[in-house]
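Please read all numbers here as calculations on a predicted model, not as lab measurements. Note that these values count all heavy atoms, side chains included, but never hydrogens, waters or copies made by symmetry.
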Amino acid sequence: MKSTKALTLTYLTPVSFASLNGSDKEADNISSIKKIKVGKEDYPYVSSQAVRRALRNQLEVLGRTLSEGEAAKIAKGAATTKQEPATYIDDDLFGYMGTEEASAGKKGKATKRTSVVRVSPLVALNPYQGDLDFGTNYMGTKAGGDPNIFETEIHSGLYRGSILIELDRVGSGDGFDKELNNKEKAQRVKDLLNAIKNLWASGRQSRFLADIAPKFVAAAMLKTKNPIFLESVQVDGKKLNTGMIKETLKDYESEVVASTIGMRQGFFEGTPDGAKSIGDAFDEMAKWVNEYYT
């Protein structure tokens, strides 16, 4: 395990009825969802920023204290965090960028920590079908106003996302005066894995509650930093392309230190070799992390 540089995983989650990530309005009374055009079809997606925010929120739900946002210290600067990665897990894993204005006898400076956790957007594998949820807001009628009619774009389909964790950078590097001990490094990565296992986005959940936790996951410990499953977990309808997963592991045999496949029974057709439950797969990943940081 000591030769490992990264842990990568790609996951699938089916969503039956949702409006996961809002976009700019295309019409005054229609609340749109983010979409990317491929050929003539539009495919909904959840932005990587939204996935990162969902992971942060879940880390807090699981008991971790987050680095609270701070106002910019220079004019027109962007808000940032406390920028204390030794203290806060999110500053360590997700990075930050901040600036300090010059003062008498002191130059201005920029501080930066590049994210240890690399996140892809959560992209639908099924195109948007133009479905809209119709709604009416009656809140102003008692005051003499008219009902407000609105529509929200909704989607049903299978989504795929990937995450890569640079294990050799956790708890060290930019922002650290002293490297964290291995026990805390391991705990931070395991907490992140738990957040991924229980992934839930809080946005647009009041009316469109959705479960985006993984129902399939392919994961590997690698001697390189390469999200090997990102484009290699393919599904035709409900049928998993198990041959492509097997071929991927074969192609990267010299780089793969360990691998695991987890899936929830009943969601997909076809079972990759050695597949286990989602819980067992994440437990195995946690064991890898313990071994790596021992």
Side-chain angles (χ1 to χ4, degrees), residues 8-23 26 31-55 117-133 152-164 196-201 203-205 208-220 226-249 251-252 259-273 275 277-278 281-282:
T8 186
L9 62 90
T10 293
Y11 61 99
L12 298 171
T13 181
V15 175
S16 57
F17 187 104
S19 184
L20 291 176
N21 198 187
S23 182
E26 298 171 7
S31 183
S32 304
I33 54 177
K34 285 186 171 72
K35 297 181 287 289
I36 183 172
K37 185 172 287 292
V38 180
K40 295 182 178 180
E41 301 284 7
D42 290 325
Y43 290 82
Y45 71 93
V46 180
S47 70
S48 54
Q49 296 95 318
V51 175
R52 284 162 57 91
R53 170 48 56 188
L55 289 171
V117 179
R118 310 306 178 108
V119 178
S120 81
L122 185 58
V123 182
L125 302 181
N126 313 96
Y128 176 61
Q129 300 295 323
D131 294 314
L132 295 166
D133 179 72
T152 305
E153 291 184 346
I154 54 174
H155 182 250
S156 176
L158 184 65
Y159 287 71
R160 180 182 65 195
S162 292
I163 294 172
L164 185 144
I196 297 168
K197 177 186 172 185
N198 293 281
L199 186 62
W200 180 67
R204 294 195 166 194
Q205 296 296 292
F208 302 106
L209 182 64
D211 175 11
I212 59 171
K215 305 304 181 293
F216 172 91
V217 62
N226 179 7
I228 59 173
F229 298 112
L230 195 152
E231 304 293 352
S232 297
V233 173
Q234 299 285 346
V235 184
D236 183 6
K238 289 188 175 183
K239 186 175 178 60
L240 279 167
N241 190 333
T242 58
M244 185 175 289
I245 295 170
K246 184 176 181 179
E247 182 180 354
T248 300
L249 289 170
D251 286 344
Y252 293 99
S259 65
T260 189
I261 306 289
M263 59 189 300
R264 182 75 50 78
Q265 294 298 318
F267 281 101
F268 305 101
E269 298 173 5
T271 303
D273 294 342
S277 71
I278 290 289
F282 275 94

Practice problem: Please lay out, stage by stage, how L122 and Y11 fare under the test side chain to side chain contact (heavy atoms under 4.5 Å, CB included). | Solution: CA-CA 9 Å; L122 185 58; Y11 61 99; 3.6 Å; yes

Quiz item: How far apart are the C-alpha atoms of I33 and L20, what are their side-chain angles, what is the distance that settles it, and do they pass the side chain to side chain contact (heavy atoms under 4.5 Å, CB included) test?
Solution: CA-CA 7 Å; I33 54 177; L20 291 176; over 6 Å; no

Practice problem: Can you see which heavy atom on P272 is nearest to which on M263, and at what distance? | Solution: CD-SD, 3.7 Å

Practice problem: Work out which heavy atom in P121 is nearest to a heavy atom in Y45; give both atom names and the distance. | Solution: CB-CD1, 4.1 Å

Quiz item: Can you name the residues that form a salt bridge (charged side-chain N to carboxylate O under 4.0 Å, His left out) with D133, not counting sequence neighbours?
Solution: R207

Exercise. Search all heavy atoms of R52 against all heavy atoms of V119 and return the closest pair with its distance.
Key: CG-CG2, 3.8 Å

Exercise. Check for a donor-acceptor pair, side chain of S19 on one end and backbone N or O of E153 on the other, with a separation under 3.5 Å.
Key: yes

Self-check item: Nearest-0.5 Å distance, CD of residue Q129 to CD1 of residue I154
Solution: 11.5 Å

Exercise. Test side chain to side chain contact (heavy atoms under 4.5 Å, CB included) on I261 and F216 and set out the steps.
Key: CA-CA 8 Å; I261 306 289; F216 172 91; 3.6 Å; yes

Quiz item: Does any N or O in the side chain of K37 come within less than 3.5 Å of the main-chain N or O of K35, such that one atom is a donor and the other an acceptor?
Solution: no

Quiz item: Can you name the nearest heavy-atom pair linking A281 to V217, along with the distance?
Solution: CB-CG1, 4.1 Å

Kindly list each side-chain donor-acceptor pair under 3.5 angstrom involving residues 226-241, sequence neighbours excluded, with atom names and distances?
from : atom 1 : to   : atom 2 : distance (Å)
E231 : OE1    : R160 : NH2    : 3.4
S232 : OG     : T248 : OG1    : 3.3
Q234 : NE2    : E231 : O      : 2.8
N241 : OD1    : G243 : N      : 3.4
N241 : OD1    : M244 : N      : 3.0

Quiz item: Can you tell me how far CG of L12 sits from CD1 of I212, rounded to the nearest 0.5 angstrom?
Solution: 13.0 Å

Quiz prompt | Heavy-atom closest pair, residues L9 and A219 | solution = CB-CB, 3.8 Å

Practice problem: Dump the intermediate steps for side chain to side chain contact (heavy atoms under 4.5 Å, CB included) on L158 and F267, then the final yes or no. | Solution: CA-CA 10 Å; L158 184 65; F267 281 101; over 6 Å; no

Quiz item: How long is the gap from CD1 on I163 to CD1 on I196, to the nearest 0.5 Å?
Solution: 3.5 Å

Quiz prompt | Nearest-0.5 Å distance that lies between atom CG in N21 and atom CD in Q49 | solution = 8.5 Å

Self-check item: Heavy atoms of other groups near L132 CG, more than 12 under 6.0 Å
Solution: yes

Quiz prompt | ring pair (Phe, Tyr, Trp, His ring centres under 6.0 Å) partners for Y159, two or more places apart | solution = H155

Practice problem: Can you measure from CG (D273) to OG1 (T242) and round to the nearest 0.5 angstrom? | Solution: 7.5 Å

Quiz item: Which atom pair, heavy atoms only, marks the closest approach of P44 to D42?
Solution: CD-O, 3.8 Å

Quiz item: Do S156 side-chain atoms and S16 backbone N/O form a donor-acceptor pair below 3.5 Å?
Solution: yes

